[in-house]
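Before we start, here is the structure in question, set down as structure tokens.
Sequence positions, counted from 1, serve as the residue numbers for this chain.
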Amino acid sequence: MNDTEKVLVAIQVPAINEVYDIFLPLYSQIYEVLELIKRAVNLLSQGLYKADEGGILCDAAGEILNINMSVDELEIHNGSKLMLI
């Protein structure tokens, strides 16, 4: 995977009041990306965020992202702001 196949987004995590910049694979489905984000936030927060079975990914306006669509299909691009709730 090269740099043109990834996008850098800001992930806001209201549960721990933090924001993380994370690269997402452009052609992965959101359900796959959600698991990657949860694990990354768990590591970056040093375990403060618990990566459990739950978790929803929303856009900056609070609209829940369709887990069956890809990052590319949802037009998520460099600089997009997402929320993990």
Side-chain angles (χ1 to χ4, degrees):
M1 180 179 315
N2 62 42
D3 287 342
T4 61
E5 295 176 343
K6 296 181 274 188
V7 292
L8 182 62
V9 300
I11 306 289
Q12 180 181 3
V13 188
I16 59 171
N17 199 30
E18 291 289 343
V19 177
Y20 299 100
D21 292 332
I22 298 177
F23 281 102
L24 303 181
L26 196 56
Y27 300 108
S28 292
Q29 303 295 311
I30 293 299
Y31 70 86
E32 298 168 319
V33 169
L34 178 58
E35 294 307 313
L36 292 172
I37 290 171
K38 290 190 313 186
R39 286 196 303 265
V41 170
N42 176 263
L43 288 171
L44 292 168
S45 71
Q46 298 177 342
L48 190 58
Y49 176 81
K50 304 295 182 209
D52 60 9
E53 295 294 320
I56 298 172
L57 203 55
C58 303
D59 64 15
E63 293 288 322
I64 296 173
L65 301 180
N66 183 337
I67 63 170
N68 296 311
M69 294 179 75
S70 72
V71 171
D72 183 52
E73 290 172 323
L74 290 169
E75 299 180 2
I76 297 170
H77 57 295
N78 284 323
S80 289
K81 294 178 182 359
L82 304 178
M83 210 172 1
L84 175 61
I85 54 174

*Give, for atom CG of Leu82 and atom CG of Leu74, the distance between the pair rounded to the nearest 0.5 Å.*
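If we round to the nearest 0.5 Å, Leu82:CG and Leu74:CG are 9.5 Å apart.
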*When rounded to the nearest 0.5 angstrom, what is the spacing between CG in Leu57 and CG in Leu65?*
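Separation between the atoms: 5.0 Å.
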*What residues, two or more places apart in sequence or in another chain, satisfy side chain to side chain contact (heavy atoms under 4.5 Å, CB included) together with Lys50?*
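For Lys50 there are no side chain to side chain contact (heavy atoms under 4.5 Å, CB included) partners, ignoring immediate neighbours.
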*Are Leu44 and Ile16 connected in a single hydrophobic cluster, I mean Ile/Leu/Val/Met/Phe/Trp/Tyr linked by side-chain heavy atoms less than 4.5 Å apart?*
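Yes, Ile16 connects to Leu44 through the hydrophobic network.
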*Following the transitive rule for hydrophobic clusters with a side-chain heavy-atom cut-off under 4.5 Å over Ile, Leu, Val, Met, Phe, Trp and Tyr, establish whether Leu84 and Met69 coincide in one cluster.*
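Same cluster.
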_Pairs touching residues 14-35 that satisfy salt bridge (charged side-chain N to carboxylate O under 4.0 Å, His left out), sequence neighbours left out_ =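 For residues 14-35: Glu35-Lys38.
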*Any pair with a residue in residues 55-67 that passes side-chain hydrogen bond (donor to acceptor under 3.5 Å, both in side chains), sequence neighbours left out, goes on the list, sorted by first then second residue, please.*
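Residue pairs passing side-chain hydrogen bond (donor to acceptor under 3.5 Å, both in side chains), neighbours aside: none found.
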*Check the pair Asn68, Ile30 against side chain to side chain contact (heavy atoms under 4.5 Å, CB included), reporting the backbone distance first and the verdict last.*
CA-CA 6 Å; Asn68 296 311; Ile30 293 299; over 6 Å; no
*Where Gly55 and Leu34 come nearest, the two heavy atoms and their spacing*: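 The pair with the smallest heavy-atom distance is O-CD2, 3.3 Å.
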*Quick one: salt bridge (charged side-chain N to carboxylate O under 4.0 Å, His left out) pairs with a partner in residues 67-85, sequence neighbours left out?*
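Output for this query is empty, none listed.
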_Nearest 0.5 angstrom please: Ile37 CD1 to Leu24 CG, how far?_
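One gets 5.0 Å once the value is rounded to the nearest 0.5 Å.
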*Is it true that Tyr31 and Tyr27 fall in one hydrophobic cluster, defined by side-chain heavy atoms closer than 4.5 Å?*
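Yes; tracing contacts between hydrophobic side chains, which count when under 4.5 Å, links both residues.
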*Hydrophobic cluster of Ile64, others only, ordered by chain and residue number, side-chain cut-off 4.5 Å*: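 The other cluster members (ILVMFWY side chains, heavy atoms under 4.5 Å, direct or chained) are Ile56, Met83, Ile85.
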*Determine the minimum heavy-atom distance between Asn42 and Tyr49, stating which atoms define it.*
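Closest heavy-atom pair between Asn42 and Tyr49: ND2-O, 2.6 Å.
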*How long is the span from the CD atom in Gln29 to the CD1 atom in Ile67, to the nearest 0.5 Å?*
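The CD1 atom of Ile67 is 9.5 Å from CD of Gln29, to the nearest 0.5 Å.
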*Can you find a pair of side-chain heavy atoms, one from Leu36 and one from Pro25, that are under 4.5 Å apart?*
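They are in side-chain contact.
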*Taking only residues two or more places apart in sequence, or in another chain, which ones meet Asn78 in a side chain to side chain contact (heavy atoms under 4.5 Å, CB included)?*
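Partners of Asn78 by the side chain to side chain contact (heavy atoms under 4.5 Å, CB included) criterion, ordered by chain and then number, come out as Val7, Leu8.
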